[in-house]
Amino acid sequence: MNEMIETKTEVLSWLAGFGEYAPLLRILLAVILIFVGLFGARLFRWIFHQLRDKLASKLPEWLQILFDGCTEPAILFVRCLLWYFAFLIFPWAFDAASPVWKTAGTVMAIASVCLLTQGLWNSAGLCRLLLRSAQNRLDLETNKTMNSFFEKIYRALVLLFGGIQVLNLLGCEVNTLITGAGIAGLAVSLGAQSTLSNLIAGASMVIERPFGIGDYITLGSFEGTVEDISFRSTRIRTLDNSVITVENSKVSAEYICNATTRQNRLLSMTVGVTYGTSREHLETLCDDLRAMLKKDPQVLPESVYVMLSNFGASSIDIEIRCYVTALGGDEFRVLKSRLNWQIMVIMEKDGCDFAFPSTSVYLETPVSVSSPAAPDDGKTE
């Protein structure tokens with residue numbers, strides 16, 4: 001900032017050489033700088049893009065990410081710098097000792113820090129680059145989940161250091177604040193145990209990766225698609241399109257079934273047939289069901305299992321088991337519906353009937369007991 005003030009002094013000394021025309025020239029130059037700052041954004045953007053195109057093949061990827069992230073903040077910084085110079089050059093009524101000059105310099109410094117923070121915020125793609133370089137070493141199938149998690153940590157640190165620098169420019173004792181924050185942190189550490197446990201659980205889930213963003217999981221009594229994993233919680237969209245948020249500590253304590261990672265899915269059902277069905281009809285039914293399943297393109301033929309499994313209370317049970325390639329919930333339900341329709345057709349063709357829960361009631365007629373003969377008293381009616 002001292003360099004800017006020295007530059008301002010040199011410019012004013014140069015303009016002073018014009019004598020009585022110096023104030024007019026200062027006003028004219030200030031107006032030109034203001035208009036260039038207002039309407040020169042497109043020109044600045046074109047210059048930056050031309051520079052980006054010429055340096056694209058020479059810059060490493062991490063510098064390209066920084067350049068792209070800082071382009072818009074740099075354009076806004078140039079415009080603010082032009083307006084600041086216009087403020088310095090304009091012939092104000094107050095003198096150089098006025099606190100207005102110091103305030104203007106502080107505002108410009110804070111704006112510079114904020115724009116630099118925005119540029120680093122936009123450059124969060126550096127996390128993706130670092131994770132991609134470590135992908136083979138960590139043996140990750142995808143770094144989408146880890147990238148989302150560490151981008152949030154990166155941006156939180158950028159905001160933290162940017163805020164500290166702004167407070168420093170405002171004259172706050174940053175060291176005192178940090179010391180006080182440390183003491184306050186010790187005071188509230190007991191109350192923040194749940195937050196800390198959620199943060200540690202979230203970090204462990206991202207590193208161990210039992211599931212990722214976009215995976216379909218079953219978590220306790222809930223199942224759905226993972227939408228986000230944050231510092232504190234995991235967000236899941238269920239089948240009824242509602243969103244549930246579960247703390248990371250509770251997620252890590254549950255049994256997690258990740259349906260997305262499986263290569264096939266088990267289909268298991270039981271068909272109940274009436275007890276009046278003959279053995280020949282049952283054998284034919286099992287053979288036809290087995291053949292139907294093996295012909296289906298989404299059923300693994302070698303996994304088909306159709307057997308008479310049980311004599312139930314009101315039905316002869318035929319167990320059907322096979323592995324299918326329909327992994328998604330909607331796709332699996334469509335396949336199951338199609339197979340159920342085919343089972344109904346085969347049952348009708350083979351002359352078999354579905355059993356349903358029934359109860360047989362047997363009524364027993366009690367044997368009547370004859371009354372003893374009356375004694376013969378010799379009288380005749």
Side-chain angles (χ1 to χ4, degrees), residues 65 121 123-159 192-269 297-300 303 321-337 339:
I65 294 175
W121 175 283
S123 304
L126 292 171
C127 297
R128 181 175 63 252
L129 180 63
L130 293 174
L131 289 173
R132 190 175 64 194
S133 64
Q135 185 170 354
N136 293 332
R137 183 163 61 253
L138 297 176
D139 193 20
L140 300 174
E141 297 179 1
T142 176
N143 59 10
K144 179 180 178 182
T145 303
M146 296 188 69
N147 180 57
S148 174
F149 187 81
F150 286 112
E151 272 189 2
K152 294 174 182 177
I153 297 179
Y154 168 83
R155 285 175 170 167
L157 292 176
V158 167
L159 287 179
Q193 285 183 356
S194 61
T195 302
L196 183 60
S197 63
N198 289 328
L199 178 60
I200 296 175
S204 64
M205 286 193 302
V206 169
I207 295 174
E208 295 179 3
R209 202 181 179 278
F211 57 84
I213 296 177
D215 288 355
Y216 187 90
I217 66 171
T218 300
L219 181 66
S221 59
F222 301 103
E223 60 178 308
T225 303
V226 179
E227 287 196 342
D228 187 34
I229 303 174
S230 65
F231 298 139
R232 192 190 69 86
S233 60
T234 298
R235 190 167 67 244
I236 303 173
R237 185 170 295 276
T238 60
L239 293 176
D240 61 353
N241 207 30
S242 61
V243 176
I244 62 171
T245 303
V246 187
E247 292 183 352
N248 289 333
S249 58
K250 295 182 179 179
V251 173
S252 60
E254 288 281 355
Y255 290 101
I256 302 171
C257 175
N258 191 339
T260 305
T261 57
R262 58 189 173 192
Q263 299 177 348
N264 45 57
R265 184 169 183 172
L266 176 65
L267 172 65
S268 178
M269 63 177 70
Q298 289 186 293
V299 176
L300 301 178
S303 67
R321 293 182 60 192
C322 60
Y323 285 96
V324 299
T325 58
L327 302 180
D330 294 338
E331 186 183 8
F332 181 76
R333 283 187 288 273
V334 170
L335 170 64
K336 193 172 181 180
S337 176
L339 294 179

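Given the structure is predicted, the values throughout are model-derived calculations rather than measurements.
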Interatomic spacing from [atom1] in [X] to [atom2] in [Y] - rounded to 0.5 Å:
X      : Y      : atom1 : atom2 : result
Thr245 : Arg235 : OG1   : CZ    : 6.5 Å
Asn248 : Thr234 : CG    : OG1   : 4.0 Å
Ile217 : Glu254 : CD1   : CD    : 10.0 Å
Thr218 : Tyr255 : OG1   : OH    : 15.0 Å

Strictly distance-based, threshold 3.5 Å: is any side-chain N or O of Arg265 a donor or acceptor partner for the main-chain N or O of Ala326?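 No, Arg265 side chain to Ala326 backbone: no donor-acceptor pair under 3.5 Å.
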
Backbone N or O of Val226 within a donor-acceptor pair of the Asp215 side chain at under 3.5 Å?
no

- prompt: Hey, is CZ on Arg155 packed in by over 12 heavy atoms from elsewhere, all under 6.0 Å?
  reply: yes

Pairwise side-chain contact, [X] with [Y], heavy-atom cut-off 4.5 Å (strictly under):
X      : Y      : result
Phe222 : Ile236 : no
Leu159 : Trp121 : yes
Leu219 : Phe211 : no

- [ ] Taking all heavy atoms of Val243 and all of Glu227, pick out the closest pair and write down the distance.
- [x]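 Looking at all heavy atoms of both residues, the shortest contact is CG2-OE1, 4.3 Å.
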
Closest heavy-atom pair, Ile65 versus Ser123, reported as atoms and distance to 0.1 Å, is O-OG, 3.6 Å

